[in-house]
Amino acid sequence: MGEGIGSFLPFILMFVVVYFFMIAPQMKRAKKEKKFAAELKRGDKVITKSGLHGKILELNDKDNSCIIETMSGKVKFERSAISMEMSSKLNAPVAAKK
């Protein structure tokens with residue numbers, strides 16, 4: 001019986017390593033992105049994942065979208081299309097950018 005458990009030990013260790021190095025960080029990142037999208041407010045300067053720069057004019061909680069004002073007009077986007085990393089860098093204080 002002890003030999004049977006010993007043969008599964010490498011698989012168990014492999015799962016633990018995969019969990020701590022891949023699954024857990026991905027879950028943490030998804031949680032941060034969800035919090036970022038929930039905290040968006042009117043007037044925030046944002047960059048979408050496709051590279052569109054603009055300022056939030058309206059937020060719609062019904063369909064989880066927002067209207068972004070760009071230099072060429074207004075565009076409706078899903079909140080999930082806003083890049084957390086690029087928008088955070090855009091709004092970071094000047095001293096922190098160095």
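None of the values given here were measured: they were computed from a predicted structure.
- One hydrophobic cluster, built from ILVMFWY side chains closer than 4.5 Å, holds both Ile23 and Val16.
- Identified under the salt bridge (Lys or Arg N to Asp or Glu O under 4.0 Å) test for residues 23-32, with sequence neighbours left out: Arg29-Glu33, Arg29-Glu85.
- Under the 4.5 Å side-chain contact rule for hydrophobic residues, Met27 and Met22 share a cluster.
- Atom CZ of Phe15 is separated from atom CZ of Phe20 by 9.5 Å, given to the nearest 0.5 angstrom.
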Please list every donor-acceptor pair under 3.5 Å in which a side-chain atom of residues 53-60 meets a protein atom from a residue at least two apart or in another chain.
residue, atom, partner, partner atom, Å
Asn60, OD1, Lys62, N, 2.9
Asn60, ND2, Asp63, OD1, 3.3

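- With rounding to the nearest 0.5 Å, the separation of OG in Ser80 from CZ in Phe36 is 11.5 Å.
- Taking a 6.0 Å sphere around NZ of Lys34, one finds it holds 12 or fewer heavy atoms contributed by other residues, nucleotides or ligands.
- For Asp61, the side-chain contact (heavy atoms from CB on, under 4.5 Å) partners are Arg79, not counting sequence neighbours.
- Once rounded to the nearest 0.5 Å, the distance linking CD of Glu69 with CE of Met71 reads 10.5 Å.
- A side-chain contact (heavy atoms from CB on, under 4.5 Å) with Leu52 holds for exactly one of Val46, Thr70, Ile47; it is Thr70.
- The shortest side-chain heavy-atom distance between Ser87 and Asp44 does not fall under the 4.5 Å cut-off.
- A heavy-atom distance below 4.5 Å is not found between the side chains of Val75 and Ile67.
- Atom-to-atom distance recorded for Lys76:NZ and Ser65:OG is 4.0 Å, nearest 0.5 angstrom.
- The OG1 atom of Thr48 sits 4.5 Å away from the CZ atom of Phe77 when rounded to the nearest 0.5 Å.
- Atoms NZ and SG, on Lys74 and Cys66 in that order, are 13.5 Å from each other to the nearest 0.5 Å.
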